[in-house]
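Report on the structure given below.
Every value quoted in this text rests on a predicted model; they were computed, and no experiment measured them. Residue numbers start from 1 in every chain, and the chains themselves are labelled A, B, ... in the order their sequence lines are given, proteins ahead of strands.
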Number of protein chains: 4
Amino acid sequence: MSSRADAVRNRELLLSAAAEEFAENGVDAPISAVARRAGLGKGTVFRHFPTKDDLVAALVVDHVTRLVDLANDLVGAEDAGAAVLEFLSFAARQRQLLDIPFLAHVSDEVAARKQGELERAITALVDHAREQGALRPDVTGIDVMRLMCVPNEIMRNLPDAQPDLWERYLAIVFDGLRPEGAHPLPHPPAA
Amino acid sequence: MSSRADAVRNRELLLSAAAEEFAENGVDAPISAVARRAGLGKGTVFRHFPTKDDLVAALVVDHVTRLVDLANDLVGAEDAGAAVLEFLSFAARQRQLLDIPFLAHVSDEVAARKQGELERAITALVDHAREQGALRPDVTGIDVMRLMCVPNEIMRNLPDAQPDLWERYLAIVFDGLRPEGAHPLPHPPAA
Amino acid sequence: MSSRADAVRNRELLLSAAAEEFAENGVDAPISAVARRAGLGKGTVFRHFPTKDDLVAALVVDHVTRLVDLANDLVGAEDAGAAVLEFLSFAARQRQLLDIPFLAHVSDEVAARKQGELERAITALVDHAREQGALRPDVTGIDVMRLMCVPNEIMRNLPDAQPDLWERYLAIVFDGLRPEGAHPLPHPPAA
Amino acid sequence: MSSRADAVRNRELLLSAAAEEFAENGVDAPISAVARRAGLGKGTVFRHFPTKDDLVAALVVDHVTRLVDLANDLVGAEDAGAAVLEFLSFAARQRQLLDIPFLAHVSDEVAARKQGELERAITALVDHAREQGALRPDVTGIDVMRLMCVPNEIMRNLPDAQPDLWERYLAIVFDGLRPEGAHPLPHPPAA
DNA sequence: GATGAATGAGCATTCATTCAT
DNA sequence: AATGAATGAATGCTCATTCAT
């Protein structure tokens, strides 16, 4: 009755339902809400993701994968500074739960590996931009990764704000990453 | 076990236990964990704060009060730019849960009033700094309020980082607030 | 442990377990006691009745429905006086919690509607009996409704009494409803 | 500072506060509400009544004592039937928690003894009335004791009714106790 | 003797997870 | 493979009771 293809479709259905639900109501939203939003039974969620944490991890992997792909696409761009800005804008537009809390608390191996990939991809991007003089000399990919979520977190705290307001705060942060008027940074970024 | 006089001390005990617990494990940490950390019974928490929300609100009020007081102290400073930086450094050092999510979700009246005070105090500070040319011309107190939590949020995601790492990210954000090399900001900050 | 079909049975199981438990220990009996008596988990109670109040309301509706049905069956009886007595006997045999406190405090809409039905049905029954001269001229359906629980309440206070003792007290009350030797009643019954 | 007399006064204060509180909000009202109503500390309640049950028992004893005293006063009355009616009216006017549930569930020895006294006093009263032909020949003091609370229980279920409505239901019950038109009662009243 | 702070058992309710169908 | 019923651990909160002052 249900083909392999249906299973794949359901998995996607669940992932996007979960992304919406968690973005809207936080990760504490019950699994049942995700199931309802997907039009599926609660049991089906657990068939695909044995644990709620697994579902969250899959979401993170999905999201990080998209970011890695974009970063890799952008890594050869002429204007590396613009590329970094585009990357950060893309990240900000994904309202999903790209909190680093997640990146951090999700213990999933695959997720961890993906984060490593992301770190390398962003670092490449940032290194280019720094070398081109588009970013301050003392900033690293890790720094950018850590600042990546700032617009999202601000927006999460302002549920009624106009949807593009994040651009304002990304602009400020990005100005802080530029070489003009940069004051030397304390501490190394560490691992 | 505790005398009448210790009741006051217990309230403080509870507030700081709650601050630690919530900073470490998020607001979803159970009241029982707060009680255990304070070395008190669960019921005692509810004697002092009839509701979990009341406890959170008290925490917010406490914290915001400290920030308002500092902002008011700093408002007359010669170097207003340095004053803003000092204010942000102080805010970052308070590891407590000064998430805007809290500031926003706490429905307590007193807390709301305190937040209004904070907004006014920061705005005064920022206005001075802007007028002195220490901050970019298009930044407002509200913007600073929203960016105030960035170092804390980054640190929360990095539980094993060296304790002063926040200085690095505050430095970047603050460079973004300076007038040198500032690119005009999109959107008004709105209320 | 239970099939889809047993879910219906479980609802009944829970209702009768609750009826017994509440009749025996009062409505303040914990839900866990109801669950235990039904041989089910505490969570299962909440699956079927989202709230303790919902469970109580369902019980009331069930009970009142049975009474309404009987009253409607009896309304055409030849001997309306005997019909009223039969009705009251049936009500007394249902040990359940047909306290008016419940009828009153249950805020459930459906329950309220059912009580209206009951009042109308009893009133019809009583009106007939009064017209036939089987009841005193100054008694109403509302009065009978209010006296309906007397035997139950007496029995609840006498847990060790012989199970049919209620008949004695119903007999006394019913004699008080007869026209013979009736002294005029003070106050109207009011709504 | 506090004399023996104050202690006695406080005991009375507490008893009447408890009577009011429990009559108004049910026996589940917290001890703290009783203390507040009495204008005393919670601890003081427990000094006088080591247990909430003790307080309730004391209330019952108080109440039953009043009833016993009245019954004894009335036992020599000319019109014994009128005396029984007066006794029942007095009982109905005491809105307090004279539920038999209490009489039954209170395990206090003194309370039990007092109930024995009450039973004997009522029985004497009822015996006289029966002998005078004012009550049906098959009714006993125990029956009257059990029916004594009916008006109270009906009123408890009708919080908004006019305060004298109980007279209507006492009248019905009392008519049921009269010899006119009495149908023989089933079952002995038992102990 | 009086007070109110502290305590923990008890209760309603939610939700991740398991499993029979 | 999908479903939703059953389950119990966890949580916020209330309240009788104890006890230091």
| request: Check D/A17 against D/V34 and note the closest heavy-atom contact, atom names and distance. | output: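 For D/A17 and D/V34, the tightest heavy-atom pair comes out as CB-O, 3.8 Å.
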Separation of [N] [atom2] from [X] [atom1] (nearest whole Å):
{"X": "D/H48", "N": "F/dT18", "atom1": "NE2", "atom2": "P", "result": "16 Å"}
{"X": "C/R36", "N": "F/dG8", "atom1": "CZ", "atom2": "P", "result": "12 Å"}
{"X": "C/L40", "N": "F/dG4", "atom1": "CG", "atom2": "P", "result": "20 Å"}
{"X": "A/L14", "N": "F/dT3", "atom1": "CG", "atom2": "P", "result": "9 Å"}

| task | Determine the stems involving DNA chain F; a stem requires 3 or more consecutive pairs of the Watson-Crick or G-U wobble kind, each with both distances below 3.5 Å, and the answer is none if no such run exists. | result |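 Stem list for DNA chain F: E:2-21 with F:2-21.
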Set of residues satisfying salt bridge (charged side-chain N to carboxylate O under 4.0 Å, His left out) with respect to [X], sequence neighbours excluded:
{"X": "C/K52", "answer": "none"}
{"X": "A/E24", "answer": "A/R37"}
{"X": "A/D62", "answer": "A/R66"}

Give every donor-acceptor pair under 3.5 Å between a side-chain atom in residues 39-51 of chain A and any protein atom, sequence neighbours left out.
none

Polar atom pairs between nucleotides 13-16 of chain F and protein, under 3.5 Å, N or O only, would you list them?
residue	atom	partner	partner atom	Å
F/dC13	OP2	B/K52	N	2.8
F/dC13	N4	B/K42	NZ	2.9
F/dA16	OP1	D/K52	NZ	2.9
F/dA16	OP2	D/I31	N	2.9

| request: List the steps and the verdict of side chain to side chain contact (heavy atoms under 4.5 Å, CB included) for C/L15 and C/R11. | output: CA-CA 6 Å; C/L15 280 173; C/R11 189 175 194 277; 3.5 Å; yes
| request: To the nearest 0.5 angstrom, please state how far the CG atom of D/N157 sits from the CD atom of C/E153. | output: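 The CG atom of D/N157 sits 6.0 Å away from the CD atom of C/E153.
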| task | Respond yes when some side-chain nitrogen or oxygen of D/N10 is under 4.0 Å from OP1 or OP2 of E/dA2, and no when none is. | result |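 Affirmative; the distance criterion is met.
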| Residues D/E21 and D/N25: side-chain donor-acceptor under 3.5 angstrom |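 There is such a pair between these side chains.
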